[in-house]
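Remarks on the structure that follows.
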Amino acid sequence: MEAYRQEIILAAVALYMVFCVITGLWAMRKTTDASDFFVAGRGLGPIVISLALFSSTLSGFGFVGGPGLVYSIGVSSFWMITISTAGYALGFFMVSKRIRMIAELRNCISLPDVLAARYGSEAVRLLVAITIVLGVMGYLATQILAMAVVMQAILSGTAMFADISLVSCVAISSAVLIFYCVTGGIIASVYTDVVQGGIMMTAGVLILLTAMSVFDGGMTEATSIILKDDSEAIMPWGSAGIMASLGWFFVFGLGLAGQPHLVTKMMMNRKISDNRHIFPLSILGYVLAALLWVSIGIIMRATVIDGVIPPLTLPDDAASVFLSVFTSPLLAGIVFAGLFAAIMSTSDAFLNIGTAAIIHDIPKAIRGKSINNELLWARIVTVILAIVAALFALYSYYADATLVALLGAFGWATFAASLFPVVALGLNWKGATVPGAVAAIVSALIINFGVQLAGIALPYGVSGGLLSFVVSLFLFVNVSLLTKPPSLDSDIDRVMDI
Amino acid sequence: MGRQLIYVIAAICTTMTVILLLILTAEPVANAGGAAHPVFAGMRIGGDGLARLETIGSLGYAFQALLLSLIVAFATLGVSERHRTPRLRAYMIATLVFSLFILWRMVASHLNFIATGETSYFMGFPTATAWAMYGVWLGGIPLVFIYTLGFRQFIYTDEDQAEFERLVAESIAEPIAEPIAEGRENENSSEDAR
């Protein structure tokens, strides 16, 4: 079996991609209007939503960057995972019920739609939509590039595709993504998410079991090897220190409720009462999948220090080296399929909200109404958006990575800082005002862009994301307290009492 | 804990902003954010744990305690005001106490390790890290229980459901105009909203 390692991995990934294409074709028959395309007609069950929610949370970053971070800075990055219970809790306590109610009452199909209804402001709609489009471009480009790089690594290991170019890999992976997103919209997206989530959970558990068998003394031996080399790396704050760890704790914890691709999924469930099941199921899925992040990172750092394997060229090689050295070809195939699943589940969610922002929200904010025949335009814009992101990814790879890096800063932290106060607090506090919302969004964008553009390194490992989030929260609450409370539409006012 | 909850949140946010500014302006400590590993490229080390915490350790712990308080305050804000009963408040306070206890155990274990250089292990990790790894994650679990087990008591009661269904029926009978009216937020202001 070992002789066919690359072929087995390739078969697993190919099988998964064929499944995505079939799901797209199946979902196309169920997609009849824009509401189906963007919010699945608000008719999804709790298991589908739970799996879609957690698999979209854990992108390719969790499978590649996560283990790499543990290899590089030890325990510091654990704080992104340990906050998951509180993070999901805030999402459900603060967002899930009211976003679903407003979506049904006002027939909303996007997050900016809900916020425009809540604040009675097209300025808020426009700002949120622009933030989403910018963030989506950065996220999509990096995800497509990651998918292509991994695909090239897999294919180049086989005799048939030994010389395959990165451009071809971008084309293949984007084509699959575009196909199922265009044909089946969010319905295809969430149903592929279900399988993606299943693969990710299975991969997490199997990798943990494999990791525990690498050393005779299990995980304890691995952590004690790291402790002897540098105790701080395996102590609570890790190598990056207390403020870097708390920054992740803050941004990933509170920030979850501000991620547009996640909270949009909270608009799609059939019944509000399903939330009590969706919440614990999402946490369970996330934790099982995140086992891969922790266990690969720890084992790779310990084995390198112990001289079992040579040092990695790059920290991000941690997962692929672990899979090639310590796992069977079959498990490696499952994990690589899981990796594609993680990347695609996040990409399809971003593609969907980006398209909604372009064809629905920005026109509505500027000229007061959305465009005609939204379903047709949704499909066209999905293709264009994905192609632009793919070209953008290739440009950054071959010519200049600055722009993607800049928009990459528009990742989780910027969405968290700019949207959490506006969404999570705004849906629960009648006193939240438009000036408060604008101050929060603008300050978050300026600080995140400013820190990134100027290349500022803040002391004690404080990140631009943490600074922008704290400032944005401070401004949102205090500006709202200092400005005139709004007069809410009667239905929104009543929703906020429920 | 009714309408004054937002003032509690404002106070916590303001204090956290001040603490962050104090940290950013504190006397810099070399390699506080880690340093390159002397042998393995791509790895970073933490180095002297005591030196890294000496200047800003207390501020960091205070920041984390406030963050835990903020999480509980936000979760409480997410519960409709009429369901913020004494029982809910008791559950939320217990959740906060539980989280703060875990933080205290984690910090105490870490400082003890720094002082003695010795540690025991729990489920694969040094004790202090086990508190961070398992404890902090468990710290949010009471919120899961409050939400799932108390769903019909605090989050979405039968009365809430009936009220929402009424609202939906009314909106179907009398569709509400599209939410536009820029600047409407300044009309008919009501202190009641706050």
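Computed from heavy atoms alone, side chains included, the values below leave out hydrogens, waters and symmetry copies. Within every chain, numbering begins at 1; the chains are lettered A, B, ... in the order of the sequence lines, protein sequences first and strands thereafter.
A/L254 touches chain B through its side chain: at least one heavy atom from C-beta onward sits under 4.5 Å away, while N, CA, C and O do not. Interface remark: A/D493 contributes no atoms to any contact with chain B (heavy atom separation under 4.5 Å). Proximity to chain B is absent for every atom of A/F215, based on heavy atoms less than 4.5 angstrom apart. Both the backbone and the side chain of A/S224 come within contact range of chain B, each with at least one heavy atom under 4.5 Å from a heavy atom of that chain. Looking at B/T119, only its side chain comes within 4.5 Å of chain A, counting heavy atoms on both sides. Looking at A/R301, both its backbone and its side chain come within 4.5 Å of chain B, counting heavy atoms on both sides.
Annotation: maximal heavy-atom pairing with chain A below 4.5 Å, among B/A41, B/A35, B/G46, B/G140, occurs at B/G46. Each of B/T127, B/V29, B/I141 has some count of heavy-atom pairs under 4.5 Å with chain A, and the biggest count is that of B/V29. When the candidates B/L143, B/V144, B/I45 are compared by the number of heavy-atom contacts under 4.5 Å with chain A, B/I45 comes out ahead. Between chain B and the options A/F92, A/F476, A/F78, A/Y88, heavy-atom pairs under 4.5 Å are most frequent for A/F92. Taking chain B as the reference chain and counting heavy-atom pairs below 4.5 Å, the highest number among A/M94, A/M235, A/M212 is found for A/M235. Highest contact tally toward chain A, considering only B/I56, B/L149, B/D48, B/L21, is held by B/I56 [criterion: heavy-atom pairs under 4.5 Å]. In terms of non-hydrogen atom pairs under 4.5 Å with chain A, the most contact-rich of B/F113, B/F154, B/F122, B/W131 is B/F113. Comparing A/L425, A/N107, A/V471, A/I226 by heavy-atom pairs within less than 4.5 Å of chain B, the highest count is held by A/L425.
Atom OH of B/Y156 and atom OG of A/S273 lie 7.0 Å apart (nearest 0.5 Å). Going from atom CD1 of A/I305 over to atom CE of B/M43 covers 4.5 Å, rounded to the nearest 0.5 Å. Summarising the geometry, atom OG belonging to A/S245 is positioned 9.0 Å from atom CD belonging to B/Q64; distances are rounded to the nearest 0.5 Å. Summarising the geometry, atom CG belonging to B/L68 is positioned 7.5 Å from atom CD1 belonging to A/I83; distances are rounded to the nearest 0.5 Å. For the atom pair CE (A/M101) and CG (B/D160), the distance works out to 6.5 Å, reported to the nearest 0.5 Å. Between the NE2 atom in B/H110 and the OG atom in A/S231 there is a gap of 7.0 Å [rounded to 0.5 Å].
Looking at A/M243 and B/I23, their side chains come closer than 4.5 Å, going by heavy atoms from C-beta outward. A heavy-atom distance below 4.5 Å is found between the side chains of B/F63 and A/L466. Using a 4.5 Å cut-off on side-chain heavy atoms (C-beta onward), B/F164 and A/E104 make contact. Side-chain contact between B/T129 and A/W237 is absent, with no heavy-atom pair separated by less than 4.5 Å. Taking 4.5 Å as the limit, some side-chain heavy atom of B/I71 sits within range of a side-chain heavy atom of A/L90. By the 4.5 Å heavy-atom criterion applied to side chains, B/P126 and A/I234 are counted as neighbours. Within the 4.5 Å cutoff, no side-chain heavy atoms of A/D497 are placed close to those of B/E163.
Here the two rings, on A/F93 and B/F74, have centers that are 6.0 Å apart or farther.
Each of A/T220, A/L227, A/T223 was evaluated against B/F125; a single residue qualifies, A/T223, per the side-chain contact (heavy atoms from CB on, under 4.5 Å) test.
Heavy atoms only, all atoms of each residue included: B/A10 and A/V477 are closest at CB-CG1, 3.4 Å. Of all the heavy atoms in B/L24 and A/P459, the pair that sits closest is O-CG, 3.5 Å. Listed here is the closest heavy atom pair of B/A132 and A/W79: CB-CZ2, 4.0 Å. Looking at every heavy atom in both residues, B/V136 comes nearest to A/T85 through O-OG1, 4.4 Å.
Under the 4.0 Å criterion applied to side-chain N and carboxylate O atoms, B/R44 and A/E232 are not assigned as salt-bridge partners.
Counting only N and O atoms by type, the side chains of B/Y147 and A/S96 include a donor and acceptor under 3.5 Å apart.
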